[in-house]
Colleague: 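Dropping a structure here in structure tokens format, bear with me for questions.
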Number of protein chains: 2
Amino acid sequence: MQRHHLRHTSFREQVLLMFLENPKIALSQSNIESSLEAFDRITLYRTMKSFVSAGVLHKAIDGGEELKYALCHEDCNPSQHNDDHPHFLCQKCGSTYCLDDVHIPSFQLPDNYKLLDIQLAISGICDRCNVHLTCNL
Amino acid sequence: MQRHHLRHTSFREQVLLMFLENPKIALSQSNIESSLEAFDRITLYRTMKSFVSAGVLHKAIDGGEELKYALCHEDCNPSQHNDDHPHFLCQKCGSTYCLDDVHIPSFQLPDNYKLLDIQLAISGICDRCNVHLTCNL
DNA sequence: TTATATTTGCAACACAATTGCATTTAATTG
DNA sequence: CAATTAAATGCAATTGTGTTGCAAATATAA
Ligand SMILES: [Mn+2]
Ligand SMILES: [Mn+2]
Ligand SMILES: [Zn+2]
Ligand SMILES: [Zn+2]
């Protein structure tokens with residue numbers, strides 16, 4: 001599992017399992033803390049940092065208050081991340097989804113601007129919440 | 001100037017003038033502090049907060065470390081902001097630009113996802129830095 | 001099993017964000 | 001213009017997150 005040059009520990013396994021259960025859902029550090037029975041704030045902090053630099057997790061900027069993390073693609077490694085997909089924050093339930101399949105369209109920058117990186121944060125209502133809403137009406 | 005239900009004070013005027021000098025450039029709180037001869041950190045903090053909630057400034061998420069602020073459109077008000085344009089962070093000079101004129105192309109979300117808001121953070125090399133680079137080569 | 005390097009847990013620190021409150025100031029009114 | 005009122009300011013204090021140091025515990029390698 002973590003032949004990303006990371007040692008296997010039970011703590012890291014617990015954390016990683018939370019992400020593997022819902023591969024396309026991003027979790028914040030406080031999300032993770034809520035699901036752990038016992039945890040050390042600093043160890044979790046360093047775990048996330050290790051995972052990100054190892055290419056296991058990537059930071060998911062969703063435009064919300066707190067930073068979230070999500071599973072990387074298979075081909076991510078310590079030297080290069082490859083997670084340039086949009087992230088979707090649901091304003092109802094607060095969940096953040098990795099939209100791997102949504103292609104970021106190209107667009108025209110002003111003259112002499114050179115594009116190197118894009119971060120697309122979308123917010124709205126997710127499919128799950130949308131179904132609930134339409135059922136209640 | 002601030003008939004956004006904000007009182008006119010010399011401090012607020014100083015801050016607002018910095019934004020009016022370069023209407024399309026976003027400034028961080030530390031940027032502003034550098035340009036003020038004397039300031040109170042907390043007052044500046046509250047000034048920014050007032051400006052944002054009054055519809056004078058909007059937060060410009062550029063993917064960089066620090067939060068920046070930029071002038072709102074004319075039609076922004078306390079109840080609704082209307083600043084859904086991309087922001088461009090130059091990796092050379094660190095400047096952040098509001099790309100008012102760049103149209104965000106529409107794209108297809110997964111089924112049952114309802115889009116309410118988009119934040120597009122672009123980074124690269126700005127026109128100013130690009131000109132310098134090409135001159136030196 | 002032993003040796004070595006990494007990880008963990010706890011304390012401590014740095015720093016930005018936030019609040020309380022008395023004082024000052026701006027706008028309003030007579 | 002003077003008095004009144006509500007908002008803004010400045011300073012102290014608090015909170016909370018991010019971060020580091022270090023000794024003890026643990027995972028991997030030999
Ligand atoms: Mn993602
Ligand atoms: Mn802007
Ligand atoms: Zn939802
Ligand atoms: Zn530049």
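Every chain is numbered from 1 and lettered A, B, ... according to where its sequence line falls, protein lines coming before strand lines.
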Colleague: Could you tell me the separation between the CZ atom of B:Arg12 and the P atom of D:dT9, rounded to a whole number of Å?
Modeller: 5 Å
Colleague: Take A:Asn31 and A:Ser28 through the test side chain to side chain donor-acceptor pair (under 3.5 Å) and record every step on the way to the result.
Modeller: CA-CA 5 Å; A:Asn31 285 334; A:Ser28 68; 3.1 Å; yes
Colleague: Nearest-Å distance, CZ (A:Arg7) to P (C:dT4)?
Modeller: 13 Å
Colleague: Take atom CD of A:Gln14 and atom P of C:dT7, then tell me their distance rounded to the nearest Å.
Modeller: 17 Å
Colleague: Do B:Ile118 and B:Tyr97 belong to the same hydrophobic cluster, where Ile, Leu, Val, Met, Phe, Trp and Tyr are linked whenever their side-chain heavy atoms lie under 4.5 Å apart, directly or via other members?
Modeller: yes
Colleague: So do A:Phe11 and A:Leu44 actually touch side chain to side chain, heavy atoms under 4.5 Å?
Modeller: yes
Colleague: Strictly below 4.0 Å, heavy-atom distances to any atom of DNA chain D: list the hits from residues 59-70 of chain B, or just say none.
Modeller: none
Colleague: Ignoring hydrogens and geometry, is there a side-chain-to-backbone donor-acceptor pair from B:His58 to B:Ala70 under 3.5 Å?
Modeller: yes
Colleague: If I take atom NE2 in residue B:His5 and atom P in nucleotide C:dA27, what distance separates them, rounded to the nearest angstrom?
Modeller: 14 Å
Colleague: Is a side-chain N or O of B:Asn130 found less than 3.5 angstrom from the main chain of A:Asn112, in a donor-acceptor match?
Modeller: yes
Colleague: Take the protein atom CG of A:Asp40 and the nucleotide atom C1' of D:dA24, then report the distance between them rounded to whole Å.
Modeller: 14 Å
Colleague: Polar pairs (N or O, both sides) under 3.5 Å between protein and nucleotides 18-23 of chain C?
Modeller:
{"residue": "C:dT18", "atom": "OP2", "partner": "B:Tyr45", "partner atom": "OH", "Å": "2.5"}
{"residue": "C:dT18", "atom": "O5'", "partner": "B:Tyr45", "partner atom": "OH", "Å": "2.8"}
{"residue": "C:dG20", "atom": "O6", "partner": "B:Arg46", "partner atom": "NH2", "Å": "3.0"}

Colleague: Answer yes or no: is there a donor N or O on one side and an acceptor on the other, between the side chain of A:His81 and the main chain of A:Val52, under 3.5 Å?
Modeller: yes
Colleague: What's the CZ-C1' distance between A:Phe39 and C:dC10, to the nearest Å?
Modeller: 14 Å
Colleague: With a 4.5 Å limit on heavy-atom distance, are the side chains of B:Phe107 and A:His103 in contact?
Modeller: no
Colleague: Tell me: CZ of B:Phe11 to P of D:dG10, nearest whole Å?
Modeller: 7 Å
Colleague: Using ring centroids (six-membered ring only for Trp), state whether A:Tyr113 and B:Phe88 fall under 6.0 Å.
Modeller: yes
Colleague: Hey, is the main chain of B:Ala121 close enough, under 3.5 Å, to the side chain of B:His87 for a donor-acceptor pair?
Modeller: no
Colleague: Do B:Arg12 and B:Ser50 come close enough that some side-chain heavy atom pair is under 4.5 Å?
Modeller: yes
Colleague: Using OP1 and OP2 only, check whether a side-chain N or O of B:Thr9 sits under 4.0 Å from D:dT9.
Modeller: yes
Colleague: Would you indicate, yes or no, if C:dT7 has its OP1 or OP2 atom less than 4.0 angstrom from a side-chain nitrogen or oxygen of A:Thr43?
Modeller: no
Colleague: Do the side chains of A:Val102 and B:Pro110 get nearer than 4.5 Å, heavy atoms only?
Modeller: yes
Colleague: What's the angle between the local helix axes at either end of the helix from C:dT1-D:dA30 to C:dG30-D:dC1, using five pairs per end and rounding to 10 degrees?
Modeller: 40°
Colleague: In whole angstroms, how far is the P atom of D:dA29 from the NE2 atom of A:His8?
Modeller: 14 Å
